[in-house]
Amino acid sequence: GCIVRYSYGFGVPTSMLAEISEDITVWVIVANSSQESSATSELQSAGANMSNVDWIYGDTDSIWTRDYGPWFIIDGNDDQGIVDHIYNRPRPNDDLIPQVIGADWSIPVYGMDLEHTGGNYMSDGRGIAISTRLVIEENPSLSEAEIDSIMHAYVGIDTYHKLDYIMSGGIHHIDCWAKFLS
């Protein structure tokens, strides 16, 4: 499924969410039943398959679920878990969402002592990942080898590339300009 946040709108086209709901679950983070009701109306108006829409109740500060949301893992026993990095923005409610989802879905949550953001992490699912050097800058007390070790321990990364920035400004998230293809 996919996870989105609703608060006076979705931040993505409802037509896209309706299309997604045809095949997978759309998990919608809402703060309360009033937001759920508004989100339901918007999704129904867009033609969403409401049997594939479910709700997560939790306060948030922004719409950027890719950045603060849970990192799902499968451990050595084929059990699902959530890795919860320290969100790199001063948005305390957003930073709590992986814990909220873990509790709601009865999935263990493993707190990773590394400041990061989902938009600056991309993995091929086979032990290789890329980020920009932002992950190094945001963890000044850790060496690059220590960052690599943490990523290996929590998400199974064997090869972790930290790329130079391609622009002098911006958010420096890898998902703004790179994608694994094959």
Side-chain angles (χ1 to χ4, degrees), residues 1-7 9-13 16-17 20 24 26-29 56 58-75 80-102 104-105 107-182:
C2 73
I3 300 172
V4 296
R5 183 256 199 173
Y6 180 87
S7 176
F10 285 101
V12 296
M16 180 180 77
L17 296 175
I20 291 170
I24 62 174
V26 176
W27 295 93
V28 182
I29 302 170
I56 300 167
D59 291 324
T60 55
D61 302 305
S62 75
I63 62 169
W64 308 110
T65 56
R66 166 87 166 103
D67 289 335
Y68 60 77
W71 293 1
F72 292 97
I73 58 167
I74 302 294
D75 69 16
Q80 189 176 44
I82 291 174
V83 171
D84 180 14
H85 62 280
I86 300 166
Y87 183 37
N88 75 340
R89 297 287 187 263
R91 299 176 185 141
N93 291 318
D94 289 353
D95 198 32
L96 294 175
I97 289 299
Q99 297 287 333
V100 169
I101 292 172
D104 190 46
W105 296 356
I107 298 173
V109 178
Y110 305 99
M112 182 171 66
D113 194 19
L114 187 68
E115 189 167 326
H116 217 316
T117 180
N120 192 37
Y121 171 70
M122 192 172 304
S123 172
D124 70 349
R126 296 184 174 136
I128 299 173
I130 56 175
S131 293
T132 67
R133 299 192 63 76
L134 181 64
V135 68
I136 296 169
E137 292 174 12
E138 291 181 328
N139 293 281
S141 66
L142 299 172
S143 70
E144 189 168 348
E146 289 171 321
I147 291 170
D148 289 351
S149 179
I150 291 169
M151 292 297 285
H152 177 76
Y154 282 86
V155 291
I157 299 305
D158 297 316
T159 304
Y160 191 24
H161 302 287
K162 276 77 73 191
L163 305 179
D164 290 331
Y165 302 140
I166 64 165
M167 301 180 324
S168 60
I171 60 172
H172 303 303
H173 291 185
I174 199 74
D175 69 354
C176 291
W177 54 271
K179 180 73 177 156
F180 282 115
L181 297 177
S182 177

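Below, all heavy atoms of this structure are taken into account, side chains as well, without hydrogens, waters or symmetry copies.
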Any donor-acceptor pair under 3.5 Å from [X] side chain to [Y] backbone:
X	Y	value
Y121	I174	no
S123	I128	yes
N139	V135	yes
R5	I29	no
S131	N120	yes

Not counting sequence neighbours, which residues clear side chain to side chain contact (heavy atoms under 4.5 Å, CB included) with [X]? List them please.
X	value
R91	D61, S62, W64, Y87, R89, D94
P13	S15, M16
S143	A145, E146

[atom1] of [X] to [atom2] of [Y]: how many Å apart, nearest 0.5 Å?
X	Y	atom1	atom2	result
L142	I150	CG	CD1	5.0 Å
E144	R133	CD	CZ	5.5 Å
L114	H85	CG	NE2	9.0 Å
H161	T132	NE2	OG1	14.0 Å
T117	H172	OG1	NE2	13.0 Å
M167	W177	CE	CH2	9.5 Å

Give the minimum heavy-atom separation between [X] and [Y], together with the two atoms involved.
X	Y	value
T65	I3	OG1-O, 3.0 Å
G58	V100	CA-CG1, 4.5 Å
I147	I136	CD1-CA, 3.9 Å

Partner of P70 by side chain to side chain contact (heavy atoms under 4.5 Å, CB included), out of D84, I107, V109, I82: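 It is I82, the one option of D84, I107, V109, I82 that forms the side chain to side chain contact (heavy atoms under 4.5 Å, CB included) with P70.
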Geometric class of the H116/W71 ring pair [parallel <30°, tilted 30-60°, perpendicular >60°]: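 W71 vs H116 ring planes: perpendicular.
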D148: partners by salt bridge (charged side-chain N to carboxylate O under 4.0 Å, His left out), with sequence neighbours left out: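 Once residues adjacent in sequence are excluded, the partners of D148 under the salt bridge (charged side-chain N to carboxylate O under 4.0 Å, His left out) criterion are K162.
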Stepwise side chain to side chain contact (heavy atoms under 4.5 Å, CB included) test for V28 and L17: CA-CA 10 Å; V28 182; L17 296 175; over 6 Å; no
Non-neighbouring partners of F180 that pass ring-ring contact (aromatic ring centres under 6.0 Å, His included), sequence neighbours left out: none
Step-by-step side chain to side chain contact (heavy atoms under 4.5 Å, CB included) determination, C176 to I171: CA-CA 9 Å; C176 291; I171 60 172; 3.8 Å; yes
Test item: Y165 and L134 side chains (from C-beta on) under 4.5 Å apart, heavy atoms: yes
Residues in side-chain hydrogen bond (donor to acceptor under 3.5 Å, both in side chains) contact with D158, at least two apart in sequence or another chain: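 Testing D158 for side-chain hydrogen bond (donor to acceptor under 3.5 Å, both in side chains), a comparison that skips the adjacent residues, returns H152.
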